[in-house]
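Shown next, in structure tokens, is the structure this report addresses.
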Amino acid sequence: MKKNRENVLIFYFYAKVDRIKKSKATKRSRSQVQVILEKLGIAAITTIILYTLVVYLNFGTIKLPQGEMLIEIPLVFFFLFFLFISHEKISRLFASPKFERTGAPKKAILEVFIVIVVTIFLTFLLNFLPLLFVLGEEIFVPVRVRTAVMVSVVVSLFFYYFVERERTKKELQQEMLNSARLQKENFEAQLEGLKSQINPHFLFNSLNVLGSLIQQDKKKALTFKNKLADLYRSLLKHGEQQLIPLDQELETARSYIYLLKTRFGNSIVFEEEISPQPPGLLVPPGALQMLLENAIKHNGSTKKKPLFVKIFTEENYLVVQNNLQPRKEHIYSTKTGLKNISSRYRYLSSEEVKIDKTKEKFIVKLPLLKTHESSNH
């Protein structure tokens, strides 16, 4: 517990000294469609440049493709496209943990060797083999074959080291930055949770309720104490995790709801309708509790005019809905609760938190994530 508290204080200090400004739109990982379109575009532009260069060097002028060129140009295009796709795979392979312990010289030699081998293989498969079937053996002059192989290898190495590796390096740096930001978001969320639970008002009210229960109903007082302990235990256990199972988050929220029901009685009505969900659904820890805190913090409630808070699942969302009964007195708010939850979702998944406010209701929908979605992101 002591170590956990020190971590929170360290990140609290860091957050105060070096506060990161979060943009409204966060860059997300590129989809496979974007990658393919990018490779197609680069392959097309490179094919045009190579064709223009070769024609100019041979004829001293630019001519429209004709004869054999009408066959060779599409083959060069497909060769370059699949070459660039292979570059991405090779670059990610050597950037993966599999080669972390490999020495730099050995890794560099192996990387160059694989790039050259793949390039030669694709040259024969996508250029020479189709030309052999279409134009016959007479087109394969030894000098022309050697020149084609050398040009392919040089072009491949150029694009691999000056385009693909640089792009992969930037993507990895961005992923590391996102990971660092996510860790900071998690510690900030943990800090906010600790501040909201350990602050004097929370402890004072909880201890007052517990003191009254001890005199009136010892059995109920013991249950209240256990639920309070469960709440703290869950915070310490899951506070540093990025995601936890839905049932664990609901269990923590139920402990918190019990404390609130004991304190406020019938002035707050909680309703839970969780339909059966497939296993493996995850949510950020403390997200549900934070939404319940916001509902109570910003809305008044009495026995005659209770606050209704409903927790339910809808499609792939965990929904928290409450009626709007704004407090008459001014409530100080940093307005970081919902922003914090939304920011954590941006770094964990492409799914976004949905917020809907009407004249009568305030609704927040938390996406239920799956393990593969968060890991891919």
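- Take Lys310 and apply the salt bridge (Lys or Arg N to Asp or Glu O under 4.0 Å) test, not counting sequence neighbours, and it matches Glu273.
- Rounded to the nearest 0.5 Å, atoms CG (Leu80) and CD1 (Ile42) are 10.5 Å apart.
- Taking the six-membered ring where the residue is Trp, Tyr160 and His87 present perpendicular rings, their angle passing 60° and hence far from 30°.
- Around atom CG of Asn323, more than 12 heavy atoms belonging to other residues, nucleotides or ligands sit under 6.0 Å away.
- Checking Ser86, Ser152, Ser156 one by one against Thr119, the side chain to side chain donor-acceptor pair (under 3.5 Å) holds for a single residue, Ser156.
- The aromatic rings of Phe81 and Phe77 sit parallel, their planes meeting at an angle under 30°, below the 60° perpendicular limit.
- More than 12 heavy atoms of other shown residues, nucleotides or ligands fall within 6.0 angstrom of atom CG in Asp247.
- Residues Thr302 and Ser267 bring no donor and acceptor atom of their side chains to less than 3.5 Å of each other.
- For the pair Glu351 and Leu369, the minimum side-chain heavy-atom distance is below 4.5 Å.
- Atom CZ of Phe78 has 12 or fewer neighbouring heavy atoms from other residues, nucleotides or ligands inside a 6.0 Å radius.
- Residues meeting the side chain to side chain contact (heavy atoms under 4.5 Å, CB included) test with Pro130, sequence neighbours left out: Leu75.
- Every residue two or more places apart in sequence or in another chain that forms a salt bridge (Lys or Arg N to Asp or Glu O under 4.0 Å) with Glu314 is listed here: Lys365.
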